[in-house]
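Following: one structure in structure tokens, then a few remarks.
To find a chain, count down the sequence lines: A is the first, B the second, and so on, and within it residues start at 1. Just so we're clear, the structure is a prediction, and the values are computed from it rather than from any experiment.
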Amino acid sequence: MTTQLPLCDVAVIGAGPAGLTAACELAESGRDVVVLDEQGAPGGQIYKGVEKVFADRPQDIRPLGREYAEGKTLTRRFRQSGARYQPGVSVWQITSDQEPDLALGLIENGSARMLHPKHVILATGAMERPTPFEGWTLPGVMTVGAAQTLLKSSRLLPEDDVVLAGTGPLLYLYVMQLKKFGIRPQAILDTGPPLSLRTSLLGLRALITCPQAMFQGMRWLWGAGVKTNMTRGVDSLKAQGGDHLSSVSYEARGRRHELSTSLLLVHDGVIPNTWLSMSAGIKHHFNETQNCWVPEIQGAGLTSRDCISIVGDAAGIGGAEVAMLQGERVAREVDAYLEDHQHPQTSIESGVLRRQRWMRSFIDEAFPSTAQFQSPENDIVVCRCEEVTAGEIRQVTERGCMGPNQGKAFTRCGMGPCMGRKCGLTVSRLMAQVRGVSVQEVGHYRIRSPIRPITVGQLADMESILKGDNQSVLSANSS
Amino acid sequence: MFRLRTNLTDPVTFSFEGRRLTASRGDTLAAALLASGVFIFRNSPVSSAPRAPFCMIGNCYECFVQVEAMGVVQACLTEVTEGMQITKVSNQIDELGMDIKEVSKE
Amino acid sequence: MTKKYFDVAVIGGGLLGSSFAYGFGQAGLSVALIDEGDNAIRTARGNFGLVWVQGKGEGMREYARWSRKSADDWGNFSAQLSELTDHDLGYHQSGGFNISLDEAELQQYLRMLEGLKADAGEEGYEYELVQGRTLAKYLPGIGEDVAGATYCPHDGHVNPLYLLRALQEGFRKHGGCYLPLSSIDQIQPLKSSGFELSSEGRQVASCERLVIAAGHGSVGLGQQVGIRIPIYPEQGQIIVTERSTEQLAYPTNMIRQTDEGTFMLGASARDVGFNSETTTDTLQDIVRRCASAFPHLRSLRIQRNWAALRIMTPDGFPVYSQSEEFPGAFAFSCHSGVTLAAVHAQDVCRWVVDGKIPTDYRCFGPERFDVSTAN
């Protein structure tokens, strides 16, 4: 069987605002671009289902908000850009720099294959920060982002008994959207602290530079507070129930309260989705302000591996507008790099981009991550997959385990199917607390492929055509 | 948890644990099941505790289900199709190695 | 805590070093175990977890005997360690199968086992060829095209990560002093006897006797006390699957099941034989062999794969050395840290306490390589 080596100039992984913008720019300037997307339609998480909403449920456009509707402009441009779109594809590996070629391992329609791009742009977006607390593994407890995804893609609306807990802009945006759909949550339990002087000053700067965004944010907060049972300063959140969530309890102003509910939505801000970039061996560091790991970026989006760029929230949380602006810059940078393989002079960030960053520093300050989730008590499960508790992590650390990799080996924490996505940040934080050092010093799990599920059979059957590999593998495979 | 949707446009029929259910075409399996009032998707292979979708974007792996002819999939990343037969993932870990016989003595 | 004088200091907190540290603690000595940080090259993480006898020792009868002795001692060693630490190691001496996919592979392997049996003489060398329907009885799901397998009753398996954890925990319980984040770069022999160990100019510990078990770091450390350690790194890859309800009651050379229900897939059980770099083709090589041996495991999801740098010696056998120039300094290197853990924690610790490697075990010294070049 003869096969053509599947090639392209640039493979973009992720079809949110950053990935789509970069893909459009490059395709429009004549590059052969392939966009790989785990979802079934372009838009990423923020514009999820936008084409379908416009086509099938136009009445939902208004309640979902103006920002959401803007996604349609982007997906329309993308559809006409000439970039090749491959939905429903997951990337399980990026070959290491030890391998002869840069190649992506893909799973598509249940089988594995390789793609050989000249350059890769990671636009893997953000994910919600882990929120370990008592009962968070119970059915009926989900993230706010999950509920919002269900709203956008399938118009699933929660029942009126829904309780929301945590902090962050997404929580309030979702409450606002629910309100427009006529749903008033039973309670909003805000775990954030009261506004400090510093936060207010940063807010003032943001208000002057990005008035629109600030007014909008205030509308969300105000809208959420009005006629809703909103409580501030919430602590000691617990989810209770047998096979399914039946009630939520919490402390506020020194008193414990309990609410009956079948759905609790939690949120504690978003962090870059770095699993693919970490598995590719790209250097990362810990950003204390944003409380997350971020890749080290040179120029607009270049990384410690020349052939891989990162753009959008995957490079550091900035939101959709920053993602699109960065998408353009990274596309230009990659285009120039493909031309002569020299690191190009990076264009200076535009004023818009700078103002957006001021806005972000206000958001970081106004919505710090929740203390309860950052330092869970000993009996709280932190690793949902292997059911390892915070206490076990503290114990192995006290006994000399210096970091998450040895901790993983000793406790199985992070060894389950999610590969540490839901515990990595927590484990590094806990170990840093015990050792009295920074999270940076403790480090992160070493992430290795496959970062998406692939079966033994799929890998065995995959046609591997690496240029550097001209000898047949030692194999008794009869197929 | 979620409100049941009325008058589905372009419905598809599927089943979960033998129960016949309907969903909108284009729904993910996770959305289709949640909209049908399915709350428990699987049991943890460690403690058998019940689990259900948590993140809906493919990162928590709580929504694993078994689909006839497809194997185990993440329900939040898989689209529901007509006639799909879905079951919970079996993860009863039986006692291992208890029936070991010394080969040489056979 | 750091400037203490210890009866013995062990450099290297991997499987090998931790076995020694545990053994010394059990013998009642004051011990320091000096380790690096979280990113140390940890060969235990790349270990397949076999306590293995079959097929080992071709070309060196003493190694076959030594492996067998350790495998025989493993039951007691494991029971004692589990009791002390309350950690289950996942150890089973069930016997194990070496699967040969095709006839040529099988015949070659059988010839090797015959040779080992002849070497063993009266001591005997137990193994049995199992094929066809009989094989399927013991290894349900085995592929119909598999040529055959040999069974050896002395083989077994263990969770190498839990073993490492228990050894360090046992060492702690014996009052040992664990000194992490210390990459020793200088060994200063003291005037009368003993050694002073420092890391980047910081004195970490002093000791009467010194054991170097620092994996690839041993080479440079050995030089400082006049010990030559002829080892080189070899990369090996291992694949782990999800927890599964399928069952495999026996460990084999290419696949074994852990107590948690996950399957570990590796290219070889003989601790050597990983033949390639950590690349996609190596991964495929491993899964293709396993999928041929057990077609029903094709649907298992791969949980993760990883590579580790293993210790290789020119002939594949351990290198045990002692310093002639500075008595009291020893260096031990080998790639079978799991199989040999029992004898390392017991016999080898005794040698160090006695101050010298017994004559019977000098065959493991690095001098053997000099002889072969002289010839």
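- With a 4.5 angstrom heavy-atom cutoff, A:Met415 touches chain C via backbone and side-chain atoms both.
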So A:Asp461 and C:Arg288, side chain to side chain contact (heavy atoms under 4.5 Å, CB included) or not? Walk me through it. CA-CA 8 Å; A:Asp461 295 345; C:Arg288 282 174 183 162; over 6 Å; no
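- At a 4.5 Å heavy-atom cutoff, the contact between C:Thr241 and chain A is made by side-chain atoms alone.
- Counted within 6.0 Å of CG on C:Asp86, heavy atoms from surrounding residues, nucleotides or ligands total 12 or fewer; the atom is thus considered open.
- Distance CD1/C:Ile286 to CG/A:Leu459: 9.5 Å, rounded to 0.5 Å.
- In this structure, the side chains of A:Glu99 and C:Thr280 come closer than 4.5 Å at one or more pairs of heavy atoms.
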Mind running side chain to side chain contact (heavy atoms under 4.5 Å, CB included) on C:Thr262 and A:Arg412 for me, showing each step along the way? CA-CA 12 Å; C:Thr262 63; A:Arg412 296 188 60 81; 3.9 Å; yes
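- Across all non-hydrogen atoms, the minimal contact from A:Phe410 to C:Tyr162 is O-CE2, 4.0 Å.
- With a threshold of 4.5 angstrom between heavy atoms, C:Leu297 approaches chain A through N, CA, C or O but not through any side-chain atom.
- No donor-acceptor pair under 3.5 Å is formed between the side chain of C:Arg298 and the backbone N or O of A:Val456.
- Proximity to chain A (any heavy atom under 4.5 Å) is shown, for C:Arg304, by both the backbone and the side chain.
- Taking A:Gly443, A:Pro453, A:Gly416 one by one and counting their heavy-atom pairs under 4.5 Å with chain C, the maximum is reached by A:Gly416.
- With a 6.0 Å radius and a threshold of 12 heavy atoms from other residues, nucleotides or ligands, C:Gln108 has its CD atom at or below the threshold.
- Note: A:Arg399 leads A:Gln458, A:Glu386, A:Arg399, A:Gln93 in heavy-atom pairs under 4.5 Å with chain C.
- Neither the backbone nor the side chain of A:Arg446 comes within less than 4.5 Å of any heavy atom in chain C.
- When heavy atoms are compared at a cutoff of 4.5 Å, C:Gln303 approaches chain A by way of both its backbone and its side chain.
- No more than 12 heavy atoms of other residues, nucleotides or ligands shown are found within 6.0 angstrom of NZ on A:Lys283.
- Between C:Ile302 and A:Thr455 the shortest side-chain heavy-atom distance does not fall below 4.5 Å.
- Of the atoms belonging to A:Arg452, not a single heavy atom falls under 4.5 Å from chain C.
- Within a 6.0 Å radius of CD in C:Glu200, no more than 12 heavy atoms belonging to other residues, nucleotides or ligands are found.
- When every heavy atom of C:Asn305 is checked against every heavy atom of A:Pro450, the shortest pair comes out as ND2-CD, 3.5 Å.
- You'll find the side chain of C:Leu161 stays beyond 4.5 Å of the side chain of A:Lys408, heavy atoms only.
- With hydrogens and angles disregarded, a donor-acceptor distance shorter than 3.5 Å links the side chain of C:Asp38 to the backbone of A:Asn405.
- When atom types are taken as modelled, the side chain of C:Gln284 and the backbone of A:Met462 share a donor-acceptor pair closer than 3.5 angstrom.
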